[in-house]
Amino acid sequence: MFETLSNRLQGALRTLRGEARLTEKNIGEALREVRIALLEADVALSTTKTLIETIRTRALGQEVMATLNPSQAVVKIVHDTLVETMGAACDRLNLATRPPAVVLLAGLQGSGKTTSAGKLARLLRERERKKVALVSVDVYRPAAMDQLERLADEVGVVFYKGSPTESPEVIARRAVDLARREAMDVLIVDTAGRLHIDETMMNEVRALHAVTAPIETLFVVDSMTGQDAVHTAKAFDEALPLTGVILTKTDGDARGGAALSLRAVIGKPIKFLGTGEKTDGLEPFHPERLASRILG
Ligand code: GDP
């Protein structure tokens, strides 16, 4: 992720290095390049504007102009501003509740929900030694239920089976009861997605939220959909009290705009990055590391 952005940003900032001192003019020129680089990486226009203005104000500050190595100072400003845009700290999954801590996954079909459910279960079981159960309430696609059952088996966690003839809420309620009875630490609920946002889908996921009372409601989104990822996130955020985002398929996304815009637009942290199709392809999101990677 971010290969193109990284090259262009580094190029834009390198031109400043040749300058004996920073002026409004040469900072302006470099920032024009930075702006193009961000837009080409599919960062939302509003986010790009805010980023550029913040960087400009800070770069033109007295202390920066007076430093011995002003171009280095500007690189640091860009770095810090990128980190702030993506969320200052690494936002961990919050499981601090009376068990079972329910994690509800919502998103469009094909976004990577089921895969992410399996990955998250593995991560919690292996790294945090949690007792995890998975349930699928996708009664419209029995194949999706089977897929999650196979994943549960593969990563060695419990699977609560529902039937396509039941309602999603019935399956979800039973899974919460079972998880409580069987002393599970975490119950991950994989919901049905549709190809496009519609009212029926939103009503269903809202009802599931009411039934399961999740401590985490994560929006799963395909990073490769760029600006669309941000639009969909907005719609879900209006319908549901989201607590965070899982940004998937970052391994195939050379631009990375969604990672930069999502936090700024919906105000919710990205908690994980999906980095491949296998069950070990999920990483906690570290804004600091990503910004450093972008700036090389
Ligand atoms: P769902 O409909 O939202 O449950 O989506 P799936 O979990 O079935 O994923 C849709 C497709 O995306 C599958 O082919 C997955 O293997 C693939 N996929 C999911 N997450 C990732 C990821 O992080 N990287 C890559 N490369 N593929 C992914």
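Atoms within a ligand are numbered from 1 in the order they appear, just like the ligands themselves. Just the heavy atoms: all of them, side chains too, but no hydrogens, waters or symmetry mates, feed the values below.
- Numbered from 1 in the order shown, with element, the atoms of ligand 1 that lie under 4.0 Å from a heavy atom of Arg141 read 2 (O).
- A continuous path of hydrophobic side-chain contacts links Leu240 to Ile266 [ILVMFWY only; heavy atoms under 4.5 Å].
- Around the CD atom of Gln10, the shell of radius 6.0 Å holds more than 12 heavy atoms that belong to other residues, nucleotides or ligands.
- Atom 5 (O) of ligand 1 has its closest protein heavy atom at Gly112 N, 3.1 Å.
- With sequence neighbours excluded, the residues forming a side chain to side chain donor-acceptor pair (under 3.5 Å) with Glu204 are Tyr140, listed by chain and number.
- Between Lys249 and ligand 1, at least one pair of N/O atoms sits closer than 3.5 Å.
- For atom 24 (N) of ligand 1, the closest heavy atom belonging to the protein is Asp251 OD1, 2.8 Å.
- The distance from the OG atom of Ser136 to the CG atom of Leu148 is 5.5 Å, given to the nearest 0.5 Å.
- Of all protein heavy atoms, the one lying nearest to atom 4 (O) of ligand 1 is Thr114 OG1, 2.7 Å.
- Once rounded to the nearest 0.5 Å, the distance linking CZ of Arg122 with CG of Asp280 reads 5.0 Å.
- For the side chain to side chain contact (heavy atoms under 4.5 Å, CB included) test with Val74, the passing option among Leu31, Leu60, Leu16, Asn69 is Leu16; the others fail.
- Between Arg92 and Glu128, at least one side-chain nitrogen of the basic residue sits less than 4.0 Å from a carboxylate oxygen of the acidic one, meeting the salt-bridge criterion.
- The ligand atoms of ligand 1 that sit less than 4.0 angstrom from a heavy atom of Thr275 are 23 (O).
- Given atom 8 (O) of ligand 1, the protein heavy atom at minimum distance is Gln147 NE2, 3.4 Å.
- Counting the atoms of ligand 1 from 1 in the order shown, those under 4.0 Å from a heavy atom of Gly274 are 23 (O).
- Gly276 O, 3.2 Å is the protein heavy atom nearest to atom 22 (C) of ligand 1.
- Below 3.5 Å of separation, one finds an N or O of Lys119 facing an N or O of ligand 1.
- Close approach of ligand 1 to Lys113 is summarised as follows: ligand atoms under 4.0 Å from at least one heavy atom of the residue are 1 (P), 3 (O), 4 (O), 5 (O), 7 (O).
- Counting protein heavy atoms only, atom 16 (O) of ligand 1 is closest to Glu277 OE1, 2.7 Å.
- For ligand 1, one of its N or O atoms has an N or O atom of Gly110 under 3.5 Å away.
- Under a 4.0 Å heavy-atom criterion, Gly252 is not in contact with ligand 1.
- Salt-bridge formation is not detected for the pair Glu53/Lys49: no Lys NZ or Arg NE/NH1/NH2 atom is positioned less than 4.0 Å from an Asp or Glu carboxylate oxygen.
- Less than 4.0 angstrom separates some heavy atom of Leu108 from each of these atoms of ligand 1: 3 (O).
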With a 3.5 Å cut-off and sequence neighbours excluded, list the donor-acceptor pairs that the side chains of residues 175-195 form with protein atoms.
from   : atom 1 : to     : atom 2 : distance (Å)
Glu182 : OE1    : Tyr160 : OH     : 2.8
Asp185 : OD2    : Lys131 : N      : 2.7
Asp190 : OD2    : Thr114 : OG1    : 2.7
Thr191 : OG1    : Leu105 : O      : 2.6
Arg194 : NE     : Asp198 : OD2    : 3.4

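- Looking at ligand 1, you won't find any N or O of Thr248 less than 3.5 Å from one of its N or O atoms.
- The backbone N or O of Gly274 lies less than 3.5 Å from a partner atom in the side chain of Thr250, making a donor-acceptor pair.
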Practice item. Decide salt bridge (Lys or Arg N to Asp or Glu O under 4.0 Å) for Arg206 and Glu199; before the verdict, give the C-alpha distance in whole Å, the side-chain angles of both, and the deciding distance to 0.1 Å. Key: CA-CA 10 Å; Arg206 261 196 295 262; Glu199 212 31 53; 3.1 Å; yes
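- At a 3.5 angstrom cut-off on N or O pairs, Thr115 counts as close to ligand 1.
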